[in-house]
Undergrad: 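Can you keep this structure in mind? I'll have questions shortly.
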Amino acid sequence: MLLFQHMFTANMASNLKLPQLQIAWLPLKSPCVREHISIVVQLAFLVLLLLQFVRKSVSLICRKRTEVRDQGVERYTAGVKFNISYRITMVCSTLLFAIHFIMLLIMLNGGEILCDSKVLAFSSEVMQVVLWASTLLTVYKIPSNKYAKFPWILRAWWFCSFSLYIICTALDAYSRVTNHSQFKVGDYSDFVCLLPSTLLFVISIRGKTGLVYALTNDTTEPLINGKTDTPLEYKRESLYGKATLFQLVTFSWLNPLFAVGIRKPLDQNEIPDVDIKDSAEFLSHDFDERLKHVKQKDGSVNPSMYKAIFLFIRKKAAINALLAVISAVSSYVGPYLIDDFVNFLNEKNKRSLKTGYLLALAFLGGKMVETITQKHWVFGARQLGLRVRAALISQIYRKGLRLSCQSRQSHTSGEIINYMSVDIQRITDLIWYLNIIWMLPIQISLAIYILHTTIGLGSLAALAATFIVMSCNIPITRFQKRYQSKIMTAKDDRMKATSEVLRNMKTLKLQAWDSKYLNKLESLRKIECDWLWKSLRLSATSAFIFWGAPTFISVVTFAACMLMGIQLTAGRVLSALATFRMLQEPIFSLPDLLSNIAQGKVSADRIASYLQKDEIQQDSVEYVSKDKTDLGVEIDNGKFSWNPESSSPTLDGIQLKVKKGMKVAVCGTVGSGKSSLLSCMLGEMQKLEGTVKISGTKAYVPQSPWILTGNIRDNILFGNQYDNHKYEKTVKACALLKDFELFPSGDLTEIGERGINMSGGQKQRIQIARAVYHDADIYLLDDPFSAVDAHTGTQLFEECLMGMLKDKTVLYVTHQVEFLPAADLILVMQNGRIAQAGRFDELLQQNIGFEVIVGAHNEALDSILTVENSSRTSQDFVPDDESEHDLSTDNTSNAELIHSQHDSEHDLSLDITKKEGKLIQEEEREKGSIGKEVYWYYFTAVKGGAFIPIIILAQSSFQVLQVASNYWMAWTSPTTSEAEPIVKMKVILLVYTLLAVGSAFCVLLRAMLVTTTGLKTAQKLFTNMLHSIFRAPMAFFDSTPTGRILNRASTDQSVLDLELAGRLGTCASTIIQIIGTIAVMSQAAWQVFVIFIPVTAICIWYQQYYIPTARELARLSQIQRAPILHHFAESLSGTATIHAFDQEDRFTNANLSLIDNHSRPWFHNASAMEWLSIRLNLLANFVFAFSLIVLVSLPEGTINPSIAGLAVTYGINLNVLQASIMWHICNVENKMISVERIIQYSNLKSEAPFVVEEYRPPNNWPEVGTICFNNLQIRYVEHLPSILKNITCTFPGRKKIGVVGRTGSGKSTLIQAIFRIVEPREGSIIIDNVDICKIGLHDLRSRLSIIPQDPTLFEGTVRGNLDTLFQYSDKEVWEALDKCQLGDLVRTKEKKLDSPGQDGLTVIENGENWSVGQRQLFCLGRTLLKKSSILVLDEATASVDSATDGVIQKIISQEFKDRTVVTIAHRIHTVIDSDLVLVLNDGRIAEYDSPKRLLEREDSFFSKLIKEYSMRSQNFNTSQQST
């Protein structure tokens, strides 16, 4: 208190002018500054100790023994083992107590006292003794209190005592040097105390006691981080939500997380939860409330998203704005005081040292306030961005579930994924930049005010120059907004195409179209790159303008001062230069602000447009209570359309009444409206007229199986509780038991994305089981038997449809006529209308169309019966032992053959057995530091890194010229108004201008090189990744969710395109800047190195402590983004099923959980950045304050005041620069993770080459089409058993070969082997004397044709889907269309083949505006155009009606009569006319001969299949004959 009393007394005696701080202090008789400072700090700690004691006493009285969270204390009951850290603490505390106690005794015995006031000296030493005695006692009691960390107050005292010893040592040294006197005992004691104090300071930073406690079971548990083997409590709670005020201010609530992260790589389950207010569920609900409020207030159907976001963020944004404004104001304290500081140095002999120390304290106070407020507004902005992102993602997801069909056609999944990844990220960035909007006017106003106080009217010139520079933003922003819009459109197109390619990669490989689509993606990327280059080039130009802005403003201002006759002294010039440097931030941030506003506005508009799209009609279906009607489904005068704008509705005049418990069959030709009829009952179609009434719950089985990634049981339960009896009954009825026995983990086996590792029949049965287990009242089954063989189809129909669902209302679409007689009602669809309705016998009698379908089936059945009967009557059957066709090698009993199934048709790419049945594994992530090879790869990707030295040289030149220009102004300007300048002011200004202009052009060179190199590097990495992915085998796509690949192609690629190069450039420029700053400061006060070097070491230690945790958080954050995208894409493809099962809430909650999983690492990573930043800033402030004290303490004449002022001018930004270096290094490392992830997918295992030059087949190969299998063995993974075993047979050329077998017997695997989708483990496949394993993949696949089981269409035109490579004339295309029954449909459209979208003809994503049957016909059309010698049909007619099937079979017979046709079919009649039939069982050849010979043997496997098909049709024949 004596210090403050003395200061205020001196103030009263002096002429105090506050704004200029012109204080004339009374000279001190003796140097007691150290005692003053020491007493103030020690008194503060004594008061804190007293308050702590009182608080604990109250707690004891109230018996509330709770742990004090801000002490970071974790208690254990155990014995103790002392660590080296604790022992050092005890030794150092004892030593310091002993030294001060001895010094007190010396004083009492009349020893020499440096301070003239004995009271001050004694008081200071007594308090030191008391405090160190208290410290020693506290440290001694730590083991008994079981502390894992030292109390915060103890650590704070060690920090302050270290600072005190540094100051005291410096003052002692200064005093002895200036007075040329000998060192005293007190000086030596300060030097000695500095060493133990430094050790305690280091321990205080670490914070841990290091004690190890022996537990009662004789084990020991280290408490280095308070972690035991059991899961930590903080994993299940929010550290942020529990933090105290002190922890919030210092971000020390993160300490427990860092303690774990420094010991081991963090895992997702070790990251604490986010606070409840940051959870997706809370934020989603809150945003919904805001939307409702805006909707009610505006009275609009589509509320303004901007208003909703404003209401959503306003409270938090207001707090952030206040902190940002305080930060902006406090940042100008330094420039405001520089003129006073230079004047003080000039008049040091007339002023008291206290004036200088007070100025230094004012500088430090301003920087401290700036540091704390800045870090918290930045953190608050990031937190707000997280909240907006979580709210918008949940909105986008829910909107995706509710989109109408027409809206979904205008927004593909690729576009919506872009909304979730890129657009929302840009809106998040905009939230961060919003604070700059209100900081800008304050910063500019303060700058002009400071300039006005120093150079008067010259500030008007500065203001005019500032507005000129800022006005340059207008055209730049206009262009930038346009470019951003183009970039996003180009990115949408690329991502849409990428998503489509990844989804259909198997088709591309089978058809040898991968090169074509690779070129397509590269051309789309080139368009995107062109717009990126324009945008980045504009950014480089703006960087040149705005780095040169301070130079331009200063030249204009100083020139105006010369013209107006305003004297430019060193103090004024330096104050102006410091102000211009501060002004650079708002000017430099303005283009970023406007650019982000442009980007954010474009992204917000896109999302707003998406959120306002039409939804499915919520009232299209009316739900009636079950007790009020006996009808399950009722449609009255229904008129429906997929496209309401179309002139012709999809369904018209629908009149239907279905009583409860009825079985209704729906049949009709391809494209007649069968699937649409079920969709209108689900409410998926737009209802134009009429009513739809449903009574009871629904279950739906779509035509294309929708299988979720996860295990089989979860797919069947689909959110319902597990009931073992019900589950077993369901599985048995759906013929899944045998599959479960053969799966590695039974029903817990993981299913790949879209069920990729399951056969078509298995997927179909799994989703039928899902519907049956749901136990609904009404079942809507869309062609459920198409993908299964005759035996399995019969079992499903009898045990499932007519068994477990016998009392249910069932509407089933089917092309199998044999399932029609059992129906209570049959609906015959034709051109979107119910052409006929009635029972089977009634429809046959009507004779108006139904008989066509039945007749086609009869023909097929007759063909089978004819062959069967002829075989039975044959009496001269003699086995031909030499026949190459009779290769039956399996003696397995028929009973086993009938029921044996083997899951051979998955593309298992991982060790499912060893990994508990998981095909889709957790995403691989690197651990530990980013490898040097990743940096080296990035830096040398373009021209071997030749541009890097030039960039560094340009930035260094900029810094040198900047320092030189400012040094020139400080050195040449007069120190006072009366003094004359060294040279004329015109010369001063000219030289300054030349130096400044040169520095600006160096920036232009650097910016252009960084932009060019960065974009070329990003493009090269993208190309490498794209080529690697396209060349990867199918096993990679089977085991990798597309979300992971899309995440890299979208989010990670955006980081490389737009951020990483700029971040690296900024990082390099910041390092060069701080070197320049330290160089300037050392010119004025070399003593600053005394403190700068240890502080830098501490900063490096902090960085090393921070990086392991931050790096893993960044990796986990990026990894956790992919599941959100994957879940969303999966949900979009199954919206109809989700609606039918009333599962919207469950899927929405799953999405919210995934958002939280991403928010947790992201939030803690953002917090960790500020944790590091605030510590580095505080240390930098400490260095700056020390340099000020040195400058104040140096004797007059030791240094030029102008140069000292220049040092302060640069030192003002030291905290920002020093923190920026560490922050940018850490940030760059986080961003380099994107490079690491892209490189990870750039080195994938590759397929065989496309072309092998030395093994090119002849141009007419294959001419005959003979296929020889020699001891063929196929396995998907090395350690799993073979899928195909010892297959040895020959398919003769120009013959028809049928391949049959149970579901999962290996049929599709055989086909994949022919196309080398999987490579043989042993054996070979020879086609026309060419070993296919020796030739290139394109040479093989381009010469073969296939109609796959799952028909695929690509977005585009009809022609593009038929003739993808544009090799054929219009005439040939029309001929193919006519042959595949699509010609008439295409001719009715305006632009026919190349229709861009009229009347819905354009093929949309997945071909969803064409029926499955029509898609299959498209695939047939492709093969007709290709005219290969070998054609493979893999269940090619499974999704078409019998009549169309018959037509297709005739077309194939005519068009491919002289070609080899290999047919896999469940419809036996499609293979009965084959020349040879291959029967597979359990991956082996069961039988191989002509159908006639096989049927001659009643015990043959083929005979059994024929018999089953005949028996299944017996009821049908009986029904038909009775009519």
Undergrad: Charged N to carboxylate O below 4.0 Å: is that the case for Asp286 and Arg290?
TA: yes
Undergrad: Tell me which pairs pass salt bridge (charged side-chain N to carboxylate O under 4.0 Å, His left out) where either residue lies in residues 300-317, with sequence neighbours left out.
TA: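 Every pair satisfying salt bridge (charged side-chain N to carboxylate O under 4.0 Å, His left out) with a residue in residues 300-317: Asp298-Lys307.
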Undergrad: Are His774 and Phe1141, when compared by the centres of their aromatic rings, separated by less than 6.0 Å?
TA: yes
Undergrad: So does Glu281 get a backbone contact from the side chain of His285, meaning a donor-acceptor N/O pair under 3.5 Å?
TA: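 No; zero donor-acceptor contacts below 3.5 Å.
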Undergrad: Return the set of residues passing side chain to side chain contact (heavy atoms under 4.5 Å, CB included) with Leu682 (not counting sequence neighbours), or none when no residue passes.
TA: Glu684, Lys698, Tyr700, Leu780, Ala1140
Undergrad: Near Tyr433 OH, under 6.0 Å, is it more than 12 heavy atoms from other residues, nucleotides or ligands?
TA: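 More than 12 heavy atoms, drawn from other residues, nucleotides or ligands, come within 6.0 Å of this atom.
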Undergrad: Please enumerate all residues that pass side chain to side chain contact (heavy atoms under 4.5 Å, CB included) together with Ser1131, with sequence neighbours excluded.
TA: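 Listed in chain order: Tyr397, Leu401, His1127, Ile1138, Phe1147.
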Undergrad: Which pairs with one or both residues in residues 1145-1154 pass side-chain hydrogen bond (donor to acceptor under 3.5 Å, both in side chains), sequence neighbours excluded?
TA: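 side-chain hydrogen bond (donor to acceptor under 3.5 Å, both in side chains) check on residues 1145-1154 returns Gln1143-Arg1146.
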Undergrad: Which residues pass the salt bridge (Lys or Arg N to Asp or Glu O under 4.0 Å) test with Lys687, sequence neighbours left out?
TA: none
Undergrad: With sequence neighbours left out, which residue pairs that include part of residues 296-328 fulfil the ring-ring contact (aromatic ring centres under 6.0 Å, His included) condition?
TA: Phe287-Phe312
Undergrad: Lys486: which residues meet the side chain to side chain contact (heavy atoms under 4.5 Å, CB included) condition with it, sequence neighbours left out?
TA: Trp531
Undergrad: Decide side chain to side chain donor-acceptor pair (under 3.5 Å) for Gln484 and Ser535; before the verdict, give the C-alpha distance in whole Å, the side-chain angles of both, and the deciding distance to 0.1 Å.
TA: CA-CA 7 Å; Gln484 288 303 322; Ser535 175; 3.2 Å; yes
Undergrad: Not counting sequence neighbours, which residues clear side chain to side chain contact (heavy atoms under 4.5 Å, CB included) with Leu248? List them please.
TA: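 Leu248 satisfies side chain to side chain contact (heavy atoms under 4.5 Å, CB included) with Tyr240, Ala243, Trp253 only.
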Undergrad: Can you pull out every salt bridge (charged side-chain N to carboxylate O under 4.0 Å, His left out) where at least one residue sits in residues 388-403? Sequence neighbours excluded, please.
TA: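 For residues 388-403, and leaving out neighbouring residues, the salt bridge (charged side-chain N to carboxylate O under 4.0 Å, His left out) pairs sorted by first residue read Asp288-Arg398, Lys399-Glu615, Arg402-Glu615.
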Undergrad: Taking only residues two or more places apart in sequence, or in another chain, which ones meet Phe258 in a ring-ring contact (aromatic ring centres under 6.0 Å, His included)?
TA: Tyr1105, Trp1171
Undergrad: Please list all pairs passing the salt bridge (charged side-chain N to carboxylate O under 4.0 Å, His left out) test where one or both residues lie in residues 420-432, with sequence neighbours left out.
TA: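 Every salt bridge (charged side-chain N to carboxylate O under 4.0 Å, His left out) pair that includes a residue of residues 420-432, provided the two are not neighbours, is Asp423-Arg606.
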Undergrad: Kindly say whether Ile707 contributes a backbone atom to a donor-acceptor pair with the side chain of Asn715 at under 3.5 angstrom?
TA: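 It does not hold such a pair.
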Undergrad: Can you list everything that forms a salt bridge (Lys or Arg N to Asp or Glu O under 4.0 Å) with Lys613? Sequence neighbours excluded, please.
TA: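 With sequence neighbours excluded, Lys613 shows a salt bridge (Lys or Arg N to Asp or Glu O under 4.0 Å) to no residue whatsoever.
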